[in-house]
There are 2 protein chains.
Amino acid sequence: MAEERLGGFEELVLLAVAGLAGDGYGVTIRDHLEEGTGNRVSVGAVYATLDRLQRKGLVKSRMGGTTAERGGKRKRLFRITGRGQAAMAEARTLRDYLWNAIQAPARS
Amino acid sequence: MAEERLGGFEELVLLAVAGLAGDGYGVTIRDHLEEGTGNRVSVGAVYATLDRLQRKGLVKSRMGGTTAERGGKRKRLFRITGRGQAAMAEARTLRDYLWNAIQAPARS
DNA sequence: TTGATTATATCTACATAATAGAATAAATTC
DNA sequence: GAATTTATTCTATTATGTAGATATAATCAA
């Protein structure tokens with residue numbers, strides 16, 4: 001274990017990609033994060049982070065087909081990789097450990 | 001809500017400070033994090049982060065008395081503030097939201 | 001078949017956070 | 001007061017995070 005160090009925003013984006021189950025792309029990922037945070041998230045920030053995650057092998061992307069919707073450039077769809085899932089789980093385990101130390105302090 | 005943006009490592013350090021219940025200082029905080037992560041954490045990284053957290057008002061520090069132990073400089077002891085606890089809780093809520101979206105995908 | 005419209009992705013430039021390791025400081029002990 | 005111990009602060013560099021402007025590719029209307 002103990003692989004890639006994961007930045008804070010990277011972790012959020014990774015979770016969002018996972019939550020969108022392979023069908024997420026820039027805009028929906030951004031929206032999902034905004035829903036969760038209640039804050040504005042710029043799409044540029046999301047893409048920069050997705051690129052970094054992809055370089056690290058934590059997500060993969062493929063171009064979506066040309067849908068018969070309303071126009072616009074083709075989507076770049078993201079899905080999480082096995083290593084991405086591992087990183088996600090590891091980050092969670094660490095945080096659980098730290099939270100647990102707060103709620104149940106070891107007695108001398 | 002929606003206060004300070006909290007960096008990833010900042011969040012971990014904040015949790016460690018909380019876990020050490022007001023008696024944590026550079027070295028013990030580092031140790032606590034290393035235990036959790038299994039990775040090496042440099043003490044310089046910890047202090048830099050503590051300073052940032054203090055500037056943001058999420059932790060406070062006081063100098064420890066001169067203990068009758070074995071020597072060495074006095075400790076700078078850290079405790080979490082109310083705002084720190086709020087930030088901590090907020091970060092957790094956000095992550096729970098994102099995790100929940102993974103485990104229980106909304107059906108159309 | 002061109003121009004307007006829409007949806008999306010990429011680029012650019014800058015700000016903030018993370019990091020390791022060296023240097024410094026303050027206490028104790030002999 | 002020199003050596004030892006424990007802890008903090010400094011320095012310099014790299015990695016992440018961020019917003020907004022710009023570019024691209026699709027559809028639709030005439």
Side-chain angles (χ1 to χ4, degrees), chain A residues 2-14 16-17 20 23-34 37 39-56 58-59 61-78 87 91 94, chain B residues 2-14 16-17 20 23-34 37 39-56 58-59 61-78 87 91 94:
Chain A
E3 323 241 319
E4 300 288 352
R5 244 286 177 246
L6 204 55
F9 191 61
E10 285 178 344
E11 187 184 348
L12 298 183
V13 171
L14 191 58
V17 168
L20 294 169
D23 294 327
Y25 62 99
V27 175
T28 49
I29 291 169
R30 189 267 295 276
D31 291 349
H32 195 218
L33 291 173
E34 287 192 342
T37 60
N39 289 357
R40 214 177 127 39
V41 173
S42 86
V43 75
V46 170
Y47 280 111
T49 304
L50 284 167
D51 285 346
R52 246 178 282 129
L53 288 173
Q54 185 156 26
R55 257 183 272 125
K56 293 183 183 182
L58 304 182
V59 304
S61 67
R62 65 192 166 88
M63 293 314 282
T66 157
T67 57
E69 281 162 21
R70 275 211 285 175
K73 203 171 174 178
R74 287 202 292 161
K75 296 168 183 168
R76 181 147 77 104
L77 300 165
F78 288 87
L94 167 56
Chain B
E3 321 242 317
E4 300 288 352
R5 245 289 177 239
L6 204 53
F9 191 61
E10 286 179 344
E11 187 185 349
L12 299 184
V13 171
L14 191 59
V17 168
L20 293 170
D23 295 325
Y25 63 98
V27 175
T28 49
I29 291 168
R30 190 265 296 275
D31 291 349
H32 195 219
L33 291 173
E34 287 192 343
T37 61
N39 287 358
R40 215 177 125 39
V41 173
S42 88
V43 75
V46 170
Y47 280 110
T49 304
L50 285 166
D51 285 346
R52 242 179 289 127
L53 289 173
Q54 184 156 25
R55 256 182 274 127
K56 294 183 181 180
L58 306 181
V59 304
S61 66
R62 65 192 167 87
M63 291 316 281
T66 155
T67 57
E69 282 163 20
R70 275 211 284 175
K73 201 169 173 179
R74 288 202 292 161
K75 297 168 183 169
R76 182 147 77 105
L77 300 165
F78 289 87
L94 167 55

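Every chain is numbered from 1 and lettered A, B, ... according to where its sequence line falls, protein lines coming before strand lines.
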Expressed as a whole number of angstroms, how long is the span from B:Leu50:CG to C:dA17:C1'?
14 Å
Atom-to-atom span, CD of A:Glu10 to P of C:dT16 - whole angstrom:
19 Å
Set of side chain to side chain donor-acceptor pair (under 3.5 Å) partners for B:Asp31, sequence neighbours left out
none
Mind calculating the distance between CG (A:Leu58) and P (D:dT16) to the nearest angstrom?
11 Å
Please determine if a side-chain N or O atom of B:Arg74 lies less than 4.0 Å away from the OP1 or OP2 oxygen of C:dA27.
yes
Whole Å only: how far is the CG atom of B:Leu53 from the P atom of C:dA18?
9 Å
Give the rounded distance in Å between these two atoms: CZ of A:Arg30 and C1' of C:dA7.
12 Å
Which residues share a side chain to side chain contact (heavy atoms under 4.5 Å, CB included) with B:Thr49, sequence neighbours left out:
B:Phe9, B:Glu10, B:Val13, B:Arg52, B:Leu53
Mind checking what makes side chain to side chain donor-acceptor pair (under 3.5 Å) contact with A:Thr28, not counting sequence neighbours?
none
Calculate the interatomic distance between B:Leu6 atom CG and D:dT18 atom P; express it in whole Å.
11 Å
Partner residues of A:Asp23 under the side chain to side chain contact (heavy atoms under 4.5 Å, CB included) criterion, sequence neighbours left out:
A:Arg62
side-chain N/O A:Lys56 vs D:dT16 OP1/OP2, d < 4.0 Å
yes
Just how far, in rounded Å, is C1' of D:dA15 from CD of A:Glu11?
17 Å
Minimum-distance nucleotide to A:Arg52 side chain [options: C:dT19, D:dG17, C:dT8]
D:dG17
Check salt bridge (Lys or Arg N to Asp or Glu O under 4.0 Å) between A:Arg40 and all other residues, then give those that pass, not counting sequence neighbours.
A:Glu34
Check whether any side-chain heavy atom of B:Leu6 lies under 4.5 Å from a side-chain heavy atom of B:Leu58, and answer yes or no.
yes
Provide, to the nearest angstrom, the distance between the CG atom belonging to B:Leu14 and the P atom belonging to C:dA17.
14 Å
To the nearest 0.5 Å, tell me how far B:Leu94 CG sits from A:Leu12 CG.
5.0 Å
Identify all pairs in which a protein N or O lies below 3.5 Å from an N or O of nucleotides 9-14 of chain D, and state each distance.
residue, atom, partner, partner atom, Å
D:dT9, OP2, B:Arg76, NE, 3.2
D:dT9, OP2, B:Arg76, NH2, 3.1

Starting at the 5' end of DNA chain C, which residue's closest nucleotide do you reach first, B:Arg40 or B:Arg55?
B:Arg55
